[in-house]
Amino acid sequence: MRFLLGEAQTDFDRTLDRLLGAADTPGAIRAWASGDSSAGRALWRRLADAGVFGLAVPEAYGGVGLLPVELGVAFTQLGRHAVPGPVVETVASAVLLARLAECGERGPAKDWLPGIASGAAMVTLRAPGGGPYALDADAADAVFTVTGEEWGLSAPRDHGPAQPSLDPARRLVRPPTGGVPLAAGPSVRDAAAHAADWAAFATAAQALGAGLTLVERTVTYVRQRTQFGVPIGSFQAVKHRLADALTGLEFARPLVHGAAVALARDPGGAGAEIAAAKAAAGEAAYAAARTALQLHGAIGYTAEYDLSLWIGKARALRSAWGTPSECRARVLEGVPRGVDGP
Amino acid sequence: MRFLLGEAQTDFDRTLDRLLGAADTPGAIRAWASGDSSAGRALWRRLADAGVFGLAVPEAYGGVGLLPVELGVAFTQLGRHAVPGPVVETVASAVLLARLAECGERGPAKDWLPGIASGAAMVTLRAPGGGPYALDADAADAVFTVTGEEWGLSAPRDHGPAQPSLDPARRLVRPPTGGVPLAAGPSVRDAAAHAADWAAFATAAQALGAGLTLVERTVTYVRQRTQFGVPIGSFQAVKHRLADALTGLEFARPLVHGAAVALARDPGGAGAEIAAAKAAAGEAAYAAARTALQLHGAIGYTAEYDLSLWIGKARALRSAWGTPSECRARVLEGVPRGVDGP
Amino acid sequence: MDLDFSAAEEAFREQARSWLAAHVPTAPLPSLETEEGFAAHREWEAALFADRWSAVSWPERYGGRGASLVEWLIFEEEYFAAGAPGRVGQNGISLLAPTLFEHGTEEQRARVLPPMASGEVVWAQAWSEPEAGSDLASLRSTAERTDGGWLLSGQKTWSSRAAFADRAFGLFRSHPEADHPHRGLTYLMFPLDAPGVTVRPLGRLDGRPAFAELFLDRVFVPDEDVIGEPGQGWRVAMSTAGNERGLTLRSPGRFTAAADRLVELWRERADPADSALRDRVADAVIGARAYRLFTFAAASKLADGGRLGAESSLNKVFWSELDLALHETALDLLGPYGELAAEAGEAPAYGSWAEGYVFSLAGPIYAGTNEIQRDIIAERLLGLPKGRR
Amino acid sequence: MDLDFSAAEEAFREQARSWLAAHVPTAPLPSLETEEGFAAHREWEAALFADRWSAVSWPERYGGRGASLVEWLIFEEEYFAAGAPGRVGQNGISLLAPTLFEHGTEEQRARVLPPMASGEVVWAQAWSEPEAGSDLASLRSTAERTDGGWLLSGQKTWSSRAAFADRAFGLFRSHPEADHPHRGLTYLMFPLDAPGVTVRPLGRLDGRPAFAELFLDRVFVPDEDVIGEPGQGWRVAMSTAGNERGLTLRSPGRFTAAADRLVELWRERADPADSALRDRVADAVIGARAYRLFTFAAASKLADGGRLGAESSLNKVFWSELDLALHETALDLLGPYGELAAEAGEAPAYGSWAEGYVFSLAGPIYAGTNEIQRDIIAERLLGLPKGRR
């Protein structure tokens, strides 16, 4: 047992951190929010070049196979830097297409997976477990929708108006109906459930990352902000609130890693582990957002100040791909009957 | 509208506070816990002399009529001083007997109400809404039990062993079965529901009082306890925790008063107001107990130190005669349909 | 001890209710934080003022009804229950007007109050500065003595309403030689369209310009716009900060109405067996009821000649946390629609839950952060030692 | 990154599990906080020791198995899952033994450890004094130099296990002339039955004598019972307080087993639609799982040659709050039976929920209050400024 990132994983983590730290994600988010996806697209391609999307695409289609630990590392960094766009939905779509290909439906996988891996295709997904909207469908190249037993691929430009979210980086779009049907039946249901699991996992990692940034930035702020002649970070109420926020995140982190290990071991049986990670990371990130806002005071409440981007994101990710309550129910379903040890 | 205690009520409050402050209630509780009810009995008679039990007994039976505001004042003081014994159950029994008398069943009322008012009779009650035990039945002169549609008065000395509670002042006794039946039918059900309302109300007031003492004693302690060269009450974490405890109690207080006013106006329609008071006071008192324990540290965790008596009581009263969750459900049942203002 | 309203009070309630029923716009006005919405809310203030509903507790000579505190509470209950628009005049009416009643001259009241109540002049507050948030005594903006008045210079920030308002009020350092940071401040009213004033709107969390930065460069203010004595501004500002103002900043009617709406939402949307949500909805109802009764008790105490002090800190902590919990519960009840911003076309209830949530997030921060309030509760109500924080 | 146990580890687990299945008493032992129960638990320690299960991580020469940290975690999981008795030797094994390994002499280890592991000598801790709780540097009890040893005087309190234990360990002020309150302390082991020792048992919240006050009047302790250098006691005590000890004070197995029992209780007693309780049960499961994985990550870090520091403060805050919330949930699930004290005949599960609840209430207080831990997290992990509190 070695429950620690390996050296290559740590290097990948640092590479992404550097790449994103230099990328002005706040600027990309603000453009994205106003409907201009060019900066987001450019960033997308650099992430693909760094290997992010290939982590959810099998080798046969130009990826490196499904690597949940590395994907967890990547999505934590995407959350830390608040990258805009349907990153979760693209990964979930890739999982869905790959799973369908395993069941014999290879067409859509051939059409889309290489593009997803290379970053040429930004796609999105509406599936059970993910709410009524397809995230960022107006910017995506394709919208996959799963409704009950049916599965349709629709033309990417045919959709309703984008609904703004409390997270400025998220544009919620009611997906079009009547797209070209690609597959149907139990294999779609199974693949969609699988995709929703990965989506929940990636969202948990993203939430963890967003929470970590919220704490980091708040620590920086309270060390330099002076009131009553001292840094406000020297007030015990401020200290304890940040300590609690950190504690929540530091215990969500091993759950995210644990879910990755479970996904790697048994992709079909990791639901309860993913749900535990999602509930804990979602709540911890939101608690960090509340703390960040409270300790920044008015400036944290200001749209022009970048912190606000992470605050909105933490709220939105808390319920995306599984509310805390849904996740908790799923955790309990996963506890085996009979007291028989861990 | 004058939502304040009147002068006579304030005087009554002060009188009880003085009486109980001089009564060594911690000693009485410790004796009570070991099965020696003599000190508790003596205190009981002095409370009766001060008029406490007469507040729940109609004039025709030696009381002063049902006066919920004064009863709320009295029970807040009983809680502040942690008076042992079935005070709530005696009041609830009085309400039950008086209500049955109104429905024509005057026998039990004649037999018991004068004694309750005078303090000669300490009685207890097991009724729907109050759990499976009759509090302090081993010390009481009578145990009234209501089971479904049946109502029985049983011989006071015929009961099982007393079960100790987390509150040393409470002795939980499974009531005897097969006592002399006194009445039956819908009037019993109605009277018992009524009695349970008053029991919940008196328990809420008692919890409020217990919480106030927990905060008071903790304030005294943290002002004099020194660590790191300063009183621990100067630490912001200590201050804020006490501020939160006080806030909870100070907003439970008007709910207790509001429930009293509702009971005075419409005894049959005060259920939601009582439930709101019970939920808020029960939770606030328990939060105060947690705060008191944490800020006292190990000494608060010591049975020999009197604070422990209030800590146990706050926990027990939180669920007695209606758990917080049951009370919350009842509050919502009481919200009228249709948005139509307050 | 009772909760009975007098016949006159009941009649007042009835009158308010019928007026509101006849006048409250059926569709909500556009957001107060837009230019168009601001103008629409100004018109609504004018309509209120025309029938003397805009500042009911003021004397009749300024456009009020001389209503008692209890009548004001009744009005507020009816106002929020009717779903009437937000009050663009709120800053002036609840922050500046009480100061004018206590420290202003009759000339100032006669000149300032009626146009404030009619919405003709909308006021912004200008308390905070970049380096003076919770620590208001470290204000740096200056008032320099000049012929017949003062020249204001410096920067104010988080000035709510200032993006579209007409005038503002705040404290300025007029006597820099004073021996204590709380001394040497002067309370002044100033125009936002005067030469030397630059208003830079700031977006709040959802991007709407709910406040602004003010840059002041030798802005002339005549002596008639000083409230109280020059140099006594701190005392002037603080004397109205406690007492009744703690009671009137956020009226219980706002929360009882919001809790009622939450119950409706819960009945429409939730599985009644889902006790986790049920308990949170019930807590909102209980909290709103507690706040209402707490306020009635405080009003009764004032009517008895009592004074309120640090109790207003209990108040502040309680309503701000109640408001936030209530709106978080609403968003959770809305499920995936709880994520929609107020301006989203599909946002439930015209975006009012989303708007209310964003607004509620600021509650624990403004009007004295809850951290400061807890210090006050601990030190003034519980008597814990001051000093270390 | 994996969670796979090696074949040897799995074999170790299997061995532990079968031994426990064969030896754990079917009915719970009487409470550890009674004389009778104390004796019964001593016997259980002897049984564990006989088969080398009492201190698995110790070298074999002291009666252990030289188990790795991961094996110890596996043992603990099996131990708690089997519902095995509480460990009367815990104070010695988890607090004193690590200090002896780091600072003791070989003579001390050979003399002290085996009887500690067998339950023959049960140890109490003697850290706190009436005026020194969180502020341990203000200790007043003294060690006065005498021929061949030291004379201990003063008062210790909240000495857990001391009501029935044989020996105790703690810090004493041996060099009153030292220039700093942390200096001039000596770490000593002393007998509880020696002349000059008075043990006054103290009841914990439920009245059971879980700890005691110790009054010491010139109690002789030979030099061989000093651990480390005289005057260096603070450093000796603190060096084992962090690092691995933060990991081994409360093992994850305790909480995963408790969470499993809670799920069983919930399945037996609760309406599955009651989501308020369901969510709290799930949070206990999630918390226990998080704590387990956090510990595995820390163990992996140690195995990699890393060090742990202030992370043990995160640990302490987390498990103590988890334990309390878990037991509060259990009491709420028990409804009216949740009020019964552990010794009540009708108390569910032999009173173990009530006992666990009372025990959990102390969690946020002992081993460094959670307030102190949060200060440490803020200052050492987040780098916030020290000084004001």
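So that the names make sense, note that chain A is the first sequence line, chain B the second, and so on, each numbered from 1. Reckoned from all heavy atoms, side chains included, excluding hydrogens, waters and symmetry mates. Every value quoted in this text rests on a predicted model; they were computed, and no experiment measured them.
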Using non-hydrogen atoms only, which part of L324(C) is less than 4.5 Å away from chain A: side chain, backbone, both, or neither?
-> side chain

Mind ranking Q294(A), R170(A), E304(A) by heavy-atom pairs under 4.5 Å with chain C and telling me who comes out on top?
-> Q294(A)

Part of Y357(C) lying under 4.5 Å from any heavy atom of chain A | side chain

Give, for atom CG of L384(C) and atom CG of D375(C), the distance between the pair rounded to the nearest 0.5 Å.
-> 10.0 Å

Largest heavy-atom contact set with chain A, pairs under 4.5 Å, which of T369(C), L331(C), T157(C), N370(C) | L331(C)

Pairwise side-chain contact, W353(C) with T329(C), heavy-atom cut-off 4.5 Å (strictly under) = no

Heavy-atom pair count under 4.5 Å with chain C, highest-scoring of A298(A), S308(A), G130(A) | A298(A)

Does any donor atom in the side chain of Q163(A) or E339(C) lie under 3.5 Å from an acceptor atom in the other side chain?
-> no

Testing D136(A), D138(A), D36(A) for salt bridge (charged side-chain N to carboxylate O under 4.0 Å, His left out) with R171(A), which one passes?
-> D138(A)

Counting heavy-atom pairs under 4.5 Å to chain A, which of P364(C), P181(C), P336(C) comes out on top?
-> P364(C)

Sorted by number, residues from residues 201-211 of chain C in contact with chain A (heavy atoms, under 4.5 Å) | P201(C), L202(C), G203(C), R204(C), L205(C), G207(C), F211(C)

Taking atom types as modelled, find out whether S141(C) and E129(C) have a side-chain donor-acceptor pair closer than 3.5 angstrom.
-> yes

Quick one: which of D167(A), L307(A), T302(A) has the most heavy-atom pairs under 4.5 Å with chain C, could you say?
-> T302(A)

Quick one: ring-ring contact (aromatic ring centres under 6.0 Å, His included) partners of Y133(A), sequence neighbours excluded?
-> Y337(C)

Got a sec, which pairs hit ring pair (Phe, Tyr, Trp, His ring centres under 6.0 Å) with one end in residues 281-312 of chain A, sequence neighbours left out?
-> Y221(A)-H296(A), H296(A)-Y305(A)

I311(A) versus chain C, heavy atoms under 4.5 Å apart: side chain, backbone, both or neither?
-> side chain

Expected output: side-chain T124(A) to main-chain P86(A) donor-acceptor under 3.5 Å = no

Please confirm whether R280(C) makes a cation-pi placement over W266(C), using NZ or CZ under 6.0 Å from the six-membered ring centre and within 45° of the ring normal.
-> no

Chain C contact via L293(A) - which portion, at a heavy-atom distance below 4.5 Å | both

Between S313(C) and Q373(C), does any side-chain donor sit less than 3.5 Å from a side-chain acceptor?
-> yes

Calculate, to the nearest 0.5 Å, the distance between atoms NZ and CH2 belonging to K316(C) and W319(C) respectively.
-> 5.0 Å

Check the pair K278(A), D197(A) against salt bridge (Lys or Arg N to Asp or Glu O under 4.0 Å), reporting the backbone distance first and the verdict last.
-> CA-CA 10 Å; K278(A) 177 68 178 58; D197(A) 272 356; over 6 Å; no

Interface residue of largest heavy-atom contact number with chain A, from A132(C), S128(C), S138(C), under 4.5 Å = A132(C)

Which bit of A362(C) is near chain A, if near means a heavy-atom gap under 4.5 Å: side chain, backbone, both or neither?
-> both

Could you check if a side-chain atom of T198(C) sits within less than 4.5 angstrom of a side-chain atom of L214(C), using non-hydrogen atoms only?
-> no

Residues of residues 312-332 of chain A within contact distance of chain C, non-hydrogen under 4.5 Å | R315(A), A316(A), R318(A)

Measure distances from I299(A) to the heavy atoms of chain C and classify the residue's part below 4.5 Å as side chain, backbone, both or neither.
-> both

Does the Q227(A) side chain pair with the main chain of G133(C), one donor and one acceptor, at a distance under 3.5 Å?
-> yes

Which value, rounded to the nearest 0.5 Å, describes the distance between L333(C) atom CG and H327(C) atom NE2?
-> 12.0 Å

